[in-house]
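Notes follow once the structure below has been shown.
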There are 2 protein chains.
Amino acid sequence: MVDTRFPVSLHIMTGLANHHPDLVNSEQLAKSIQTNPSFIRKIVVSLSAAGLVESVRGKTGGIRLAKKAKDITLDQIYRAVTDTTLLALPKKTPNKTCAIACGIGNVLCQLTREVEDNALKQLSKKTLQDVLNQVMA
Amino acid sequence: MVDTRFPVSLHIMTGLANHHPDLVNSEQLAKSIQTNPSFIRKIVVSLSAAGLVESVRGKTGGIRLAKKAKDITLDQIYRAVTDTTLLALPKKTPNKTCAIACGIGNVLCQLTREVEDNALKQLSKKTLQDVLNQVMA
DNA sequence: AATAATGTATTCGCTATAGATACATTATTA
DNA sequence: TAATAATGTATCTATAGCGAATACATTATT
């Protein structure tokens with residue numbers, strides 16, 4: 001299966017932006033995304049740790065943006081919920097009898113970092129407000 | 001599990017570049033990458049369809065680059081073996097009662113395309129020869 | 001005290017991937 | 001011509017990763 005945390009997070013954040021500054025609960029978010037509240041809450045923990053959302057416990061609790069949508073960039077959301085690299089890296093220890101196998105790991109690692117830095121720079125140019133505007137247009 | 005076709009392909013191609021224009025068989029490549037010959041051959045089919053390698057059947061057969069390493073760019077390798085998008089896209093039909101859910105799909109799709117175009121443009125600036133040089137340095 | 005939200009842990013099922021195996025096809029070579 | 005050794009291809013299996021589902025402790029409101 002594919003990791004959907006970033007698209008789901010963007011969906012969550014856009015929903016919150018749309019209702020800002022009201023609280024929205026995980027049940028409502030789950031309905032919109034067609035998933036279960038528990039999964040929403042797990043993702044919200046990451047978004048909260050990154051300072052992007054606030055969650056309020058208790059009977060009238062819920063979730064809201066921690067800052068204005070125009071002050072949240074997409075790379076912040078991406079970083080908050082993604083721990084894998086954009087390009088896959090092999091995890092086997094290289095065959096030590098082969099010069100290529102020994103050297104290719106570092107090359108791939110550096111290449112991945114370059115691609116990822118670039119993608120994040122690109123994502124940093126779009127704000128959550130941009131996304132909301134585009135969705136509502 | 002993670003899709004390792006691109007890193008494995010880069011490894012294969014670098015190995016072939018190093019022995020160019022000699023034939024290398026799938027057994028040798030599998031040893032270097034620590035996988036099985038069948039998996040190598042499956043990937044080689046894709047690389048071959050993209051015109052990046054040639055394979056020769058029969059007793060003295062094997063695999064070699066179809067052109068010089070300096071004329072092969074990394075985006076060509078990536079495209080040859082990758083059919084997924086760089087960022088995940090949700091595949092559920094959106095909740096039609098929610099404006100956000102209805103609009104977010106297109107936004108994500110466009111965003112993914114932008115990020116991917118950019119990454120491929122970046123990969124197109126590096127040649128297989130560059131990778132071989134870096135590995136051997 | 002009852003209610004309703006988040007936080008968190010656990011279990012389950014599904015899917016995608018690579019591993020493993022087998023064998024047909026093809027070309028060399030003895 | 002027969003034996004050999006390579007690719008091409010199909011199939012099955014094991015496993016890892018992900019989200020679904022569930023349960024329940026914790027917390028705050030009413």
Side-chain angles (χ1 to χ4, degrees), chain A residues 1-9 11-12 15-16 19 22-50 52-66 81-85 87-92 95, chain B residues 1-9 11-12 15-16 19 22-50 52-66 81-85 87-92 95:
Chain A
M1 206 175 294
V2 174
D3 185 341
T4 62
R5 291 166 57 88
F6 174 65
V8 168
S9 296
H11 193 151
I12 291 172
L16 295 181
H19 290 91
D22 295 341
L23 291 170
V24 181
N25 68 37
S26 61
E27 179 78 29
Q28 299 170 269
L29 291 168
K31 278 231 178 66
S32 168
I33 296 167
Q34 300 195 83
T35 180
N36 62 86
S38 175
F39 184 47
I40 299 289
R41 292 199 293 269
K42 266 187 277 187
I43 291 181
V44 162
V45 167
S46 301
L47 296 171
S48 178
L52 302 179
V53 305
E54 293 168 348
S55 58
V56 177
R57 300 179 73 152
K59 190 175 178 185
T60 58
I63 300 138
R64 68 175 158 234
L65 295 187
V81 298
T82 308
D83 54 359
T84 59
T85 53
L87 299 179
L89 295 173
K91 47 195 169 313
K92 288 182 187 165
N95 179 343
Chain B
M1 205 172 297
V2 175
D3 186 342
T4 62
R5 290 167 57 90
F6 175 66
V8 168
S9 295
H11 192 150
I12 291 173
L16 294 180
H19 290 92
D22 294 341
L23 290 170
V24 182
N25 67 39
S26 60
E27 179 80 29
Q28 298 170 269
L29 291 168
K31 278 231 177 67
S32 168
I33 296 169
Q34 300 195 84
T35 181
N36 61 87
S38 173
F39 184 47
I40 298 289
R41 292 200 290 271
K42 269 185 274 189
I43 291 181
V44 162
V45 168
S46 301
L47 296 171
S48 179
L52 302 178
V53 306
E54 292 167 348
S55 58
V56 177
R57 301 180 72 152
K59 191 176 179 183
T60 58
I63 299 138
R64 71 177 155 231
L65 295 186
V81 298
T82 307
D83 53 359
T84 57
T85 53
L87 300 180
L89 294 174
K91 47 194 167 314
K92 288 182 187 166
N95 178 342

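Atom set for the values below is all heavy atoms of this structure, side chains included, hydrogens, waters and symmetry mates excluded. Lettering follows sequence order; numbering is per chain, from 1.
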Requested in this report: Could you check whether B:Ser26 gets within reach of a base, just the sugar-phosphate, or nothing at all, counting any heavy atom under 4.0 Å?
Outcome: sugar-phosphate
Requested in this report: Round to a whole Å and report the spacing from CG of B:Asn36 to P of C:dA22.
Outcome: 13 Å
Query raised in the report: Should A:Ser55 be listed as having a side-chain N or O under 4.0 Å from OP1 or OP2 of C:dA5?
Result: no
**Report entry** Closest to side chain of B:Asn25, choosing from C:dA18, C:dT28, D:dT7
**Finding:** D:dT7
Report task. Using whole Å, report how far NZ of B:Lys42 lies from C1' of C:dT21. Result -> 11 Å
Query - Interatomic distance, B:Ile33 CD1 vs C:dG19 C1' [rounded to whole Å] - result: 15 Å
Query raised in the report: OP1, OP2 of C:dA18 versus side-chain N and O of B:Thr4: anything below 4.0 Å?
Result: yes
Report task. Using atom NZ of A:Lys59 as one end and atom P of C:dA2 as the other, report the distance to the nearest whole Å. Result -> 12 Å
Query raised in the report: Counting side-chain heavy atoms from CB outward, which of C:dA9, C:dT6, D:dA10 is closest to A:Arg41?
Result: C:dT6
Report task. Taking the side chain as every heavy atom from C-beta outward, state whether B:Lys42 and B:Val45 have any atom pair closer than 4.5 Å. Result -> no
Query raised in the report: What integer distance in Å separates B:Glu27:CD from C:dA20:P?
Result: 12 Å
Query raised in the report: For B:Ile12, which of B:Leu29, B:Leu52, B:Ile63 qualifies under side-chain contact (heavy atoms from CB on, under 4.5 Å)?
Result: B:Leu29
Query raised in the report: With sugar-phosphate meaning primed atoms plus P, OP1 and OP2, does A:Ile63 contact a base, only sugar-phosphate, or nothing at under 4.0 Å between heavy atoms?
Result: sugar-phosphate
Query raised in the report: Rounded to whole angstroms, how far apart are CZ on A:Phe39 and C1' on D:dA21?
Result: 13 Å
Report summary line: B:Arg64 atom CZ is separated from D:dT7 atom P, nearest whole Å, by 12 Å
Query - Side chain proximity check, B:Thr60 to B:Leu23, heavy atoms < 4.5 angstrom - result: no
Query raised in the report: With both distances kept under 3.5 Å, what pairs with C:dA22, Watson-Crick or G-U wobble?
Result: D:dT9
Requested in this report: Give the nucleotide from the list C:dA20, C:dA24, D:dT29 with an atom nearest to the side chain of A:Thr60.
Outcome: D:dT29
**Report entry** Shortest side-chain distance from A:Arg57, nucleotide among C:dG19, C:dA24, C:dT6
**Finding:** C:dT6
Report task. Starting at atom CD1 of A:Ile43, determine the distance to atom P of D:dA20, rounded to an integer number of angstrom. Result -> 9 Å
Query raised in the report: Do B:Arg5 and B:Thr82 touch side chain to side chain, with heavy atoms closer than 4.5 Å?
Result: no
**Report entry** D:dT30: pairing nucleotide in any strand, Watson-Crick or G-U under 3.5 angstrom
**Finding:** C:dA1
Report task. May I ask you to test the A:Phe39-A:Val8 pair for a side-chain heavy-atom distance under 4.5 Å? Result -> yes
Query raised in the report: Hey, which of these two, A:Ser38 or A:Arg5, hits DNA chain D nearer its 5' end, going by closest nucleotide?
Result: A:Arg5
Query raised in the report: Where the side chain of B:Thr35 is concerned, which of D:dT7, C:dA18, D:dT30 is the nearest nucleotide?
Result: C:dA18
